[in-house]
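The residues of the chain are indexed from 1 along the displayed sequence. Just so it is clear, the structure is predicted and the values come from calculations on it, not from any experiment.
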Amino acid sequence: MCLVFSAPEESITAMKEKGVEVVKFDKDGKVDINALVDYLAREKGVKKMILEGGPTLNYYFLQEKLVDNVIIITMPLIVGGDDVPSLVGGIAAKDLASTIKLRVSKSEMCGSHP
């Protein structure tokens, strides 16, 4: 199965010719997130999912009130890069071996939201 948000018709046709089930979720040039989630629940039996997206995808799922739990994980290394949403900009790490490694010496929650 292939979930398509926006793709040229010739690409979709080529996938279908190879036996791929293609389901399109494009609404006015944007992803119809509600239709996507509804399809996954109704047609594929999905009850829970992990959204591991970037800031834009996270924003739209939150805006549509499709998130009921948030887990924030901070890893003890810095990847960085000007084109990567990250704690650090600069030149991106080429691989895991070239990341800046850290050791967590203290962890605490600062503030809360009622």
Side-chain angles (χ1 to χ4, degrees):
M1 172 180 41
C2 180
L3 305 177
V4 176
F5 308 112
S6 180
E9 283 304 317
E10 58 269 14
S11 296
I12 293 173
T13 300
M15 286 187 278
K16 286 180 177 179
E17 287 172 354
K18 292 183 179 184
V20 175
E21 175 191 358
V22 178
V23 184
K24 199 169 182 181
F25 295 98
D26 181 19
K27 180 180 180 184
D28 302 323
K30 295 183 180 178
V31 177
D32 188 341
I33 293 174
N34 286 300
L36 167 64
V37 171
D38 182 59
Y39 171 83
L40 290 172
R42 188 182 69 253
E43 299 296 325
K44 301 300 178 185
V46 174
K47 293 183 169 90
K48 290 184 177 185
M49 72 170 77
I50 296 173
L51 175 65
E52 190 176 346
T56 303
L57 186 60
N58 294 341
Y59 168 77
Y60 285 111
F61 268 78
L62 287 164
Q63 184 182 44
E64 294 298 321
K65 298 181 180 13
L66 295 170
V67 176
D68 60 7
N69 191 22
V70 176
I71 299 170
I72 298 173
I73 300 170
T74 303
M75 298 176 63
L77 54 89
I78 296 174
V79 176
D82 288 334
D83 59 344
V84 178
S86 175
L87 175 64
V88 177
I91 299 171
K94 300 291 183 224
D95 52 40
L96 196 55
S98 63
T99 62
I100 300 168
K101 280 117 181 124
L102 304 172
R103 184 177 56 82
V104 176
S105 60
K106 182 178 177 183
S107 174
E108 74 181 69
M109 178 67 79
C110 296
S112 64
H113 191 308

**Q** Using atom types as modelled, flag every donor-acceptor pair under 3.5 Å from a side chain in residues 10-17 to any protein atom, sequence neighbours excluded.
**A**
unit_1 : atom_1 : unit_2 : atom_2 : d
T13    : OG1    : E9     : O      : 2.9

**Q** Please identify each residue that fulfils side chain to side chain donor-acceptor pair (under 3.5 Å) with E43, with sequence neighbours left out.
**A** none

**Q** For residues V31 and Y60, determine if any side-chain heavy atom of one lies less than 4.5 Å from a side-chain heavy atom of the other.
**A** no

**Q** Just how far is it from atom CG of D32 to atom NZ of K24, taken to the nearest 0.5 Å?
**A** 12.5 Å

**Q** So if I apply the side chain to side chain contact (heavy atoms under 4.5 Å, CB included) rule between L36 and each of D38, N34, L40, which one comes out positive?
**A** L40

